[in-house]
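Everything on this sheet refers to the single structure shown next.
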Amino acid sequence: MRTSQFPLNTVKETPSDAELASHKLMIRAGLIRKLAAGLYNWLPLGLKVMRKVEAVVREEMERAGALEVMMPVVQPSELWEESGRWEQYGPELARLNDRHGRAFCLGPTHEEIITDLARNEIKSYKQLPVTYYQIQTKFRDEIRPRFGIMRSREFIMKDAYSFHLNDASLQETYDRMFEAYTRIFSRLGLNFRPVLADSGSIGGNLSHEFHVLADSGEDAIAFSTESDYAANVELAEVIGTSAERATPSAEMEKISTPDQRTIGEVSQFLSVAPANCLKTLIVKAEEEGFVALLLPGDRELNEIKAEKLEGVASPLEMASDEEIKQIGSVSGFIGPLGLNIPVVADHAVLTMSDFVIGANEAGFHHKNVNWERDLPLPKTVTDLRTAQEGDPSPDGKGTITIARGIEVGHIFQLGTKYSSAMKANVLNEAGKGQTMTMGCYGIGISRVVAAAIEQSHDERGIIWSDELAPFKVALCPMNMHKSDRLRETCEKLYNELSEAGIDVLFDDRKVRAGFMFSDMELIGIPHRLVLGDRGLDSGNIEYKGRGDSENQEIPMAEIISFLKEKLQ
RNA sequence: CGGGGUGUAGCGCAGCCUGGUAGCGCAACUGCUUUGGGAGCAGUGGGUCGGGGGUUCGAAUCCCUCCUCCCCGACCA
């Protein structure tokens with residue numbers, strides 16, 4: 001390709017509304033342009049990169065035995081009503097009516113559609129297991145789209161769905177997909193990790209997310225320092241210690257703590273470590289009423305863990321100041337003593353002694369409180385904390401360290417959540433109807449492009465891996481318009497490279513050297529060849545890799561084999 | 001949805017407070033010069049000042065209203 005026929009829509013100035021490096025660079029390098037909030041046009045250069053991602057994903061899906069299908073973006077409400085998600089899904093589901101007044105939605109995902117397809121097409125256990133996949137546009141009406149393509153409303157996703165007669169077969173496909181995902185992200189040249197994940201609103205049991213590691217990532221991931229344990233902090237278990245509780249050293253005392261409401265204020269006011277203050281949170285119960293959650297003062301509640309508790313409302317809802325009054329307490333001075341609602345404690349509170357609690361009375365706390373003497377031990381004790389740096393790893397090996405990641409893939413064992421709701425049955429060997437069990441496997445194709453940039457760029461621009469690069473080689477002539485000899489040499493080299501199957505971008509614009517170099521670096525072409533009259537005399541071509549600091553002189557005759565070697 | 005901001009040429013912004021018919025930089029186009037790291041000079045084109053309504057002799061500027069986009073928060077395959 002020639003730049004005279006493939007305009008590079010690069011811009012020098014950084015857009016004012018972009019925060020993330022990937023967002024800025026995607027706009028500056030001319031990969032995307034914003035159309036409206038969370039909606040982007042993909043320019044030729046950007047689309048070329050996205051197609052590279054798709055190609056790798058397609059190859060690996062085929063290798064794993066998945067079959068490509070394509071399902072509509074616009075989906076009838078009936079199927080969503082059947083699964084129950086027409087009600088469950090909030091305003092993130094974009095709904096619309098057709099001219100006859102029939103209700104539809106823009107698909108944020110395709111479980112309902114594929115389950116409907118499968119129940120119509122698959123009748124016998126002999127047709128199982130089967131995995132379908134598609135690469136399709138999704139729409140989610142995000143509350144706050146941001147970070148460019150990273151969290152947009154419309155995006156491209158590869159989603160796959162597998163159907164099985166039993167869990168063993170599901171596990172087999174799940175493992176194969178896990179392996180396929182590992183191959184895909186490795187081939188794309190990404191630094192990534194699979195992590196244990198929450199299966200979220202999509203439902204199901206076992207689930208892994210694939211994260212590209214980057215400081216700007218929206219998710220926090222807990223890693224073990226010693227083993228390969230990795231989990232989303234949303235999910236990461238915090239195990240109880242076997243530490244003994246110290247014996248009480250002082251009598252319980254009610255003390256005046258005027259206007260000291262937060263753990264920080266109280267601990268400072270009383271000169272007590274936050275870890276020795278008991279945090280009492282009131283949340284709404286599943287049906288009527290409220291539940292009190294107890295945590296050490298220096299730890300944060302993990303809301304995902306809390307809303308999974310039996311008897312606690314999901315999604316989690318904190319009690320209002322008004323509601324706290326109704327249960328006989330005061331916001332800022334809540335404590336378990338005399339509180340007449342169910343109590344759930346994090347196991348870490350059991351080892352606390354001589355601690356501080358709210359007195360359920362404005363301006364007062366109790367100090368030197370002790371279990372069993374002043375307070376009964378809570379009946380329900382579980383894991384409520386958010387994992388933090390230094391916690392012991394749940395597998396017993398090493399401690400937890402926290403890193404940030406961008407979620408680019410997610411695989412789930414759905415089980416029969418959709419197949420039973422939508423009656424997706426097949427006949428088994430005994431000739432009896434049996435509900436199929438399902439898995440689902442997603443990759444955010446467009447997000448991968450942003451994640452790759454986030455992970456690999458410098459102050460000059462993008463640094464593509466060979467696999468993702470829109471062009472592998474940039475051919476940069478110096479002042480070609482002044483030298484016919486140079487033009488002939490470049491044209492010849494361009495043809496040779498093309499014939500050798502090397503995707504080359506020939507910069508035949510009449511622009512100055514610096515301009516050309518900055519453009520090629522901004523758009524991240526991994527290999528650059530510079531030809532000038534000077535080099536022609538010596539018979540050498542100047543080569544520089546995008547990440548290299550020095551040029552290399554390569555004899556003209558060897559340049560093709562040299563590049564083939566580089567590109568393998 | 002709550003809070004804060006914003007909207008003026010393709011992009012980035014000034015002008016608004018104190019009303020008088022729109023400007024700067026970049027980009028684009030033309031010409032000349034320049035030519036190994038985002039060139040210089042000269043010239044050209046391009047704007048319903050987010051929309052609607054009002055006040056006024058006169059509104060980008062003041063008032064009302066609707067909308068957009070951005071930031072913070074709640075949400076999240």
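Everything numeric in this text was worked out from a predicted model, so none of it was measured. Within every chain, numbering begins at 1; the chains are lettered A, B, ... in the order of the sequence lines, protein sequences first and strands thereafter.
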Which one is paired to [N], where only Watson-Crick or G-U wobble pairs with both distances under 3.5 angstrom count?
| N | answer |
| --- | --- |
| G46(B) | none |
| A39(B) | U33(B) |
| C24(B) | G12(B) |
| U18(B) | none |
| A60(B) | none |

Of the listed nucleotides [options], the one nearest the side chain of [X]:
| X | options | answer |
| --- | --- | --- |
| A37(A) | C69(B), C26(B), A77(B) | C69(B) |
| E142(A) | C75(B), A77(B), G36(B) | C75(B) |
| E13(A) | C11(B), G37(B), U35(B) | C11(B) |
| F155(A) | C75(B), A77(B), G36(B) | A77(B) |
| F515(A) | A77(B), G38(B), U35(B) | G38(B) |
| E19(A) | U35(B), C71(B), G36(B) | C71(B) |
| R534(A) | G36(B), G38(B), C71(B) | G36(B) |

Polar pair under 3.5 Å, donor/acceptor by atom type, side chain R146(A), base C70(B):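 Per atom types, no contact qualifies.
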Would you say the side chain of D519(A) and the base of G38(B) hold a donor-acceptor pair, judged only by whether the two atoms sit under 3.5 Å apart?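 Donor-acceptor pair under 3.5 Å: yes.
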Suppose you measure atom [atom1] in [N] against the same atom in [M]; what distance do you get, rounded to whole Å?
| N | M | atom1 | value |
| --- | --- | --- | --- |
| A28(B) | G47(B) | C1' | 15 Å |
| G36(B) | A77(B) | C1' | 50 Å |
| C76(B) | G12(B) | P | 33 Å |
| C72(B) | G15(B) | C1' | 30 Å |
| A59(B) | C16(B) | C1' | 10 Å |
| A42(B) | G5(B) | P | 42 Å |
| U65(B) | C71(B) | C1' | 24 Å |
| A9(B) | G51(B) | P | 11 Å |

Looking only at heavy atoms, what is the nearest atom pair of L39(A) and E154(A), with distance?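 Minimum heavy-atom separation between L39(A) and E154(A): CD2-CB, 3.7 Å.
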Nearest heavy atoms of E112(A) and S83(A), plus distance in Å: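 Nearest heavy atoms, E112(A) then S83(A): OE2-OG, 2.6 Å.
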What does [X] touch in the nucleic acid at a heavy-atom separation under 4.0 angstrom: a base, only the sugar-phosphate, or nothing?
| X | value |
| --- | --- |
| V530(A) | base |
| M516(A) | nothing |
| R28(A) | base |
| K34(A) | sugar-phosphate |
| R528(A) | base |
| H110(A) | nothing |
| E542(A) | base |
| E521(A) | base |

Take the angle between the ring planes of Y174(A) and H208(A) and call it parallel below 30°, perpendicular above 60°, tilted in between.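 Plane angle between 30° and 60°, so tilted.
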I need the residues from residues 443-464 of chain A with at least one non-hydrogen atom less than 4.0 Å from RNA chain B; give them sorted by number, or say none.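 I443(A), G444(A), R460(A) - these, ordered by number, are the residues of the stretch whose heavy atoms sit under 4.0 Å from the strand.
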Supply the atom-to-atom distance D537(A) CG to R485(A) CZ, rounded to the nearest 0.5 angstrom.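 So the gap between those two atoms works out to 4.5 Å.
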What is the distance from atom CG of L8(A) to atom CZ of F471(A), rounded to the nearest 0.5 Å?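 L8(A) CG to F471(A) CZ: 7.5 Å, rounded to 0.5 Å.
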Salt-bridge contact E521(A)-R528(A) (side-chain N to carboxylate O under 4.0 Å):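 Answer for the salt bridge query: yes.
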Is the shortest distance from a Lys or Arg side-chain nitrogen in E60(A) or R187(A) to a carboxylate oxygen in the other one below 4.0 Å?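 Salt bridge flag = yes for R187(A) with E60(A).
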Is there a side-chain contact between [X] and the phosphate of [N], meaning an N or O under 4.0 Å from OP1 or OP2?
| X | N | value |
| --- | --- | --- |
| R512(A) | A39(B) | yes |
| R144(A) | C72(B) | yes |
| K510(A) | U35(B) | no |

Are there over 12 heavy-atom neighbours, none belonging to E300(A), within less than 6.0 Å of that residue's CD?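 Count not over threshold, so no.
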Tell me if the CG atom of N97(A) is crowded by more than 12 foreign heavy atoms within 6.0 Å.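 It does: N97(A) CG has more than 12 such atoms within range.
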Any side-chain heavy atom of M157(A) sitting closer than 4.5 Å to one from I445(A)?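 A side-chain contact under 4.5 Å is absent here.
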Comparing E303(A) and R153(A) on RNA chain B - which has the more 5′ nearest nucleotide: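 Residue closer to the 5' terminus by nearest nucleotide: R153(A).
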Earlier contact from the 5' end, RNA chain B, for F147(A) and T10(A):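 Of the two residues, T10(A) wins.
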Spacing of I143(A) atom CD1 relative to G3(B) atom P, expressed in whole Å: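 Taking atom P of G3(B) as the reference, CD1 of I143(A) is at 16 Å.
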